[in-house]
Number of protein chains: 2
Amino acid sequence: MSSAISERIPSAERREQILGAASLVFGERGYFGATTDQIAKAAGISQPYVVRMFGSKENLFVEVLQRALDKLMTSFQDTIDGWKADGSPAGENGAVGEHHEIGRRLGLAYVNLIEDRGILLSLMQAFGMGNDAVIGGRAREGFLAIYKMVRDQVGFSPDEARTFLAEGMLLNTLLGLKLPAEYGKDACATEIIESTFRTKLQLVLDVAGGNA
Amino acid sequence: MSSAISERIPSAERREQILGAASLVFGERGYFGATTDQIAKAAGISQPYVVRMFGSKENLFVEVLQRALDKLMTSFQDTIDGWKADGSPAGENGAVGEHHEIGRRLGLAYVNLIEDRGILLSLMQAFGMGNDAVIGGRAREGFLAIYKMVRDQVGFSPDEARTFLAEGMLLNTLLGLKLPAEYGKDACATEIIESTFRTKLQLVLDVAGGNA
DNA sequence: GTCTATAGGCGGATAGAC
DNA sequence: GTCTATCCGCCTATAGAC
């Protein structure tokens, strides 16, 4: 409970620390519902310092969103690069079914990323803010960038890309709802979780029991 | 701007009026970010009256969520009944592909429902509130009820049911982001919107131009 | 059925010290 | 780089009148 001055930390590190805390708070409470003081407390610093560091609450949210999108793009890019290095689709664009493997890999990368509930929920929040000129604009850009990436770099057809994104949005919902916590308690919940997560089952159930 | 007393209205009607206004405000601002005063103003009544009528902000949100889920279940039930009356899948459960038609019909019913942005966004908000004991609980129940409905009454396999829900979650995201407003402006946006909405294209683009 | 008044607490942002 | 103090405004819920 010491209200002593926090350790003096390089600003880059402090930024990352605040962004992580802000992701969680914005995610759980929404952009309007989150307070800079809650974020400050979560980061272990004073409220005015949060504002000073990011200029405004809105700007802080934009940076939280951008950070999430950057992590996502980076993770997908790495996954795609690895897949290509492994000899991927044998040159040109393969026949139907050729894309199963990369779809699986990307799905796995995605689940790993959104295990971080702050990132998951901040993205979900942004997806409902299409009416906000600045936040909605960023969110649309980010979403379309992912679409473009899987179309151009993976070679997904429009249908494949749409299906891939749809499965991602379902993952968001299941985790946002914390449905994995019902695994084994409700027949429907158990079935849809097994059907959705397959390879990641154990990991997802671990998270369901643990944090937040 | 008259601060005169609102017309005296039967409580059932008033309730529905408030629930509609509350859907919009909760949807746009989130549960924590929405204020009972914003809801009251949107409904054209006083703030204390909103609280008096629903007991608390939390209870109001629960009722907003329940109303959205009820509309969804009712719409799906009607759609399924109509499909069965039309001679549906020829008795037993048909082969693969037999479910295309009912999937299309349910998708259409869903898009019609979430044209109401209040309903769309309130549901999306609830999907991120798995950590809230009461709201999260209701949201999980509602989600599982839909799953159960398409499994048991339509006869979808687990895979079909999952795919169906996933496409629904993608619709949520595209509309939440207001991506249809980018139709014709951005190649990726145009492509994913055409791929996703097909039969409902014109309707969705109309909404994109118009309200909220 | 509907309002006004108001209590008591929390919100973001700024000023200025260390 | 980080804090404390503080302004002014908004929030939920209650009390009580009409």
Side-chain angles (χ1 to χ4, degrees), chain A residues 1-65 125 129 132 134-135, chain B residues 1-65 125 129 132 134-135:
Chain A
M1 290 308 160
S2 62
S3 57
I5 288 181
S6 302
E7 210 181 337
R8 209 181 164 89
I9 285 180
S11 82
E13 221 168 296
R14 189 62 96 182
R15 273 182 70 85
E16 176 58 22
Q17 180 191 29
I18 299 177
L19 286 171
S23 288
L24 279 165
V25 178
F26 277 131
E28 293 289 351
R29 316 242 337 164
Y31 170 63
F32 297 102
T35 73
T36 53
D37 190 51
Q38 288 163 348
I39 292 166
K41 287 203 170 72
I45 60 177
S46 71
Q47 178 268 329
Y49 190 29
V50 170
V51 174
R52 148 94 46 136
M53 195 130 199
F54 290 90
S56 68
K57 178 176 159 176
E58 179 179 65
N59 198 61
L60 174 53
F61 186 83
V62 168
E63 300 219 27
V64 161
L65 172 57
Q125 293 288 163
M129 295 186 70
D132 184 287
V134 21
I135 297 172
Chain B
M1 296 309 159
S2 60
S3 60
I5 289 180
S6 303
E7 210 181 337
R8 210 182 164 88
I9 285 179
S11 83
E13 221 167 296
R14 190 62 96 183
R15 272 183 70 83
E16 175 58 21
Q17 181 191 29
I18 299 177
L19 287 171
S23 288
L24 278 166
V25 177
F26 276 131
E28 293 289 351
R29 315 239 343 159
Y31 170 63
F32 298 102
T35 74
T36 52
D37 190 53
Q38 289 163 347
I39 292 166
K41 286 203 170 69
I45 59 177
S46 71
Q47 178 267 330
Y49 190 29
V50 170
V51 174
R52 147 93 47 136
M53 195 130 200
F54 290 89
S56 69
K57 178 176 159 178
E58 178 180 66
N59 198 62
L60 174 53
F61 186 83
V62 169
E63 300 220 25
V64 160
L65 172 58
Q125 294 289 164
M129 296 186 68
D132 183 288
V134 21
I135 297 174

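Letters go in sequence order (proteins before strands), and every chain restarts at 1. Below, each value reflects all heavy atoms present in this structure, side chains not excepted, and no hydrogens, waters or symmetry copies.
At whole-Å resolution of the value, CZ in Phe54(B) and P in dT12(D) are 15 Å apart. In this structure, Arg52(A) atom CZ and dC18(C) atom P are separated by 15 Å, rounded to whole Å. Between the CZ atom of Arg15(B) and the P atom of dT2(C) there is a distance of 13 Å, rounded to whole Å. The nearest whole Å value for the distance from the CZ atom in Phe26(B) to the P atom in dC11(D) is 13 Å. The CD-P distance, from Gln47(A) to dT6(D), rounds to 15 Å in whole Å. Atom CZ in Arg14(B) sits about 12 Å away from atom C1' in dC3(C), given to the nearest Å. Between the P atom of dG9(C) and the CG atom of Asp37(A) lies a distance of 16 Å, rounded to the nearest Å. Computed from coordinates, the Ile39(B) CD1 to dC10(D) C1' distance equals 15 Å when rounded to whole Å.
Glu7(B) comes within 4.0 angstrom of sugar-phosphate atoms only, judged by non-hydrogen atoms across all strands, and of no base. Residue Ala34(B) is classed as a sugar-phosphate contact, given heavy-atom separations below 4.0 Å to backbone atoms only.
Between Leu19(A) and Leu60(A) the shortest side-chain heavy-atom distance falls below 4.5 Å.
Ser46(B) has no side-chain polar atom (N or O) that falls below the 4.0 Å cut-off from OP1 or OP2 of dT2(C). Side-chain nitrogen and oxygen atoms of Thr36(B) include at least one within less than 4.0 Å of the OP1 or OP2 phosphate oxygen of dT12(D). Note on Ser6(A): a side-chain N or O is less than 4.0 Å away from OP1 or OP2 of dC3(D). Proximity of Tyr49(A) to the phosphate of dC3(D): no side-chain N or O atom is located under 4.0 Å from OP1 or OP2.
The CZ atom of Arg14(A) lies 8.0 Å from the CD atom of Glu7(A); values are rounded to the nearest 0.5 Å.
In this structure, Gln38(B) contributes its side chain and Thr35(B) its backbone to a donor-acceptor pair below 3.5 Å. The main-chain N or O of Gly44(B) is found under 3.5 Å from a side-chain atom of Ser6(B) such that the two form a donor-acceptor pair.
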Kindly determine whether Phe26(B) and Lys57(B) satisfy side chain to side chain contact (heavy atoms under 4.5 Å, CB included), including the steps that lead there. CA-CA 10 Å; Phe26(B) 276 131; Lys57(B) 178 176 159 178; 4.1 Å; yes
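A residue-by-residue look at Ala12(B) and Gly33(A) shows that Ala12(B) has its nearest nucleotide of DNA chain C further toward the 5' end.
Residue Ile9(B) places its side chain closer to dT2(C) than to any other of dT2(C), dA5(C), dG1(D). Listed nucleotides dC11(D), dG1(C), dA5(C) differ in distance to Pro48(B); the shortest reach to its side chain belongs to dA5(C).
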